[in-house]
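Below is a structure I'd like to ask you about.
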Amino acid sequence: MPGTVDVLGVIVLAAGSSRRFGEDDKLLADLCNEPLVTFAFQLAANVPAAARLAGVSSEAVADLARAAGLHPIRIPQGETQSFSLRAGIKALDPRCDASLILLGDMPFLLGDDLAKLLEMKAPACAALGGKPVVPALLPRAWFDEILTLSEDCGARALLERTEAYQRLSLPASRLRDIDEPSDLLGFHEQ
């Protein structure tokens with residue numbers, strides 16, 4: 001595997017409450033005739049890793065994770081993103097020296113984006129306008145600190161520590177996440 005990670009774990013955070021999306025589970029919303037979350041799961045499935053996990057709060061999303069070859073970690077409904085991240089880190093294979101974090105509602109990332117990120121030394125993350133964002137490659141040295149996170153911001157504060165050379169600038173179109181039904185407009189025809 002290229003890059004500096006010997007044993008990698010991948011965690012897809014896919015347990016959000018979808019408050020802004022309405023009553024439907026946005027992770028199951030149709031995008032190009034597939035449930036939205038399958039795009040992140042397929043990306044994760046194609047990354048060479050010792051462990052591929054998905055933090056999920058619904059059985060339907062858990063089934064999709066399993067179908068993609070990911071091990072679902074059950075997250076109670078309504079928990080924060082930091083709770084999901086902590087659960088994923090706790091469930092990682094202890095041999096993992098880094099974890100690649102993906103979001104289940106970011107369907108536009110490409111495998112090449114992740115390959116470039118994995119070539120960087122952890123910690124590393126994507127950047128949007130210079131600001132650090134997920135996907136992120138988190139080193140084992142951060143795992144203990146991640147286990148103490150309590151706000152609903154995931155590893156945002158940790159990613160703020162990364163230097164400019166540790167941030168992979170990606171187009172905004174690929175870093176888009178889906179928060180509202182209107183975010184899906186224009187993609188059903190593709």
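The structure displayed is predicted, hence computed values, not measured ones.
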Exercise: identify the closest heavy-atom pair between Cys125 and Pro132: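 Reported closest heavy-atom pair: SG-CB, 3.4 Å.
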pair Val47-Leu118: side-chain heavy atoms closer than 4.5 Å: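 A side-chain contact under 4.5 Å exists here.
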side-chain contact (heavy atoms from CB on, under 4.5 Å) evaluation trace for Leu158 with Leu138: CA-CA 9 Å; Leu158 294 172; Leu138 307 179; 5.8 Å; no
Pairs where residues 157-172 contributes a residue and the test side-chain hydrogen bond (donor to acceptor under 3.5 Å, both in side chains) is met, not counting sequence neighbours: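 Residue pairs with at least one partner in residues 157-172: Glu145-Arg161, Thr162-Arg167.
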Heavy-atom side-chain proximity of Leu70 to Val10 below 4.5 angstrom: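 In short, these two side chains do not touch, never coming nearer than 4.5 Å.
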Short N-O contact, Glu59 and Arg66, less than 4.0 angstrom: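 Judged by the 4.0 Å cut-off on N to carboxylate O distance, Glu59 and Arg66 do form a salt bridge.
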Expected output: side-chain Arg140 to main-chain Cys96 donor-acceptor under 3.5 Å: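 Side chain of Arg140 to backbone of Cys96, a donor-acceptor pair under 3.5 Å: yes, one is there.
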Nearest-0.5 Å distance that lies between atom CG in Leu43 and atom CZ in Arg52: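 Output value for this atom pair is 12.0 Å.
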Test item: Asp25 and Val61 side chains (from C-beta on) under 4.5 Å apart, heavy atoms: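 Of all side-chain heavy-atom pairs linking Val61 with Asp25, at least one is under 4.5 Å.
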Sub-4.5 Å side-chain heavy-atom contact between Leu117 and Leu100: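 They are in contact (side-chain heavy atoms under 4.5 Å apart), so the answer is yes.
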Closest non-hydrogen atom pair, Met106 against Leu175: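 Shortest heavy-atom separation between Met106 and Leu175 comes out as CE-O, 3.2 Å.
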Residue pair Leu137 / Pro123, side-chain heavy-atom distance below 4.5 Å: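 Leu137 does not reach Pro123 side chain to side chain.
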Residue pair Val133 / Arg156, side-chain heavy-atom distance below 4.5 Å: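 In short, these two side chains do not touch, never coming nearer than 4.5 Å.
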Please tabulate, for side-chain N and O atoms in residues 107-116, each donor-acceptor pair with protein atoms closer than 3.5 Å (sequence neighbours left out).
| from | atom 1 | to | atom 2 | distance (Å) |
| --- | --- | --- | --- | --- |
| Asp113 | OD1 | Arg174 | NE | 3.2 |
| Asp113 | OD1 | Arg174 | NH2 | 2.7 |
| Asp113 | OD2 | Leu110 | N | 2.9 |
| Asp113 | OD2 | Arg174 | NE | 2.8 |

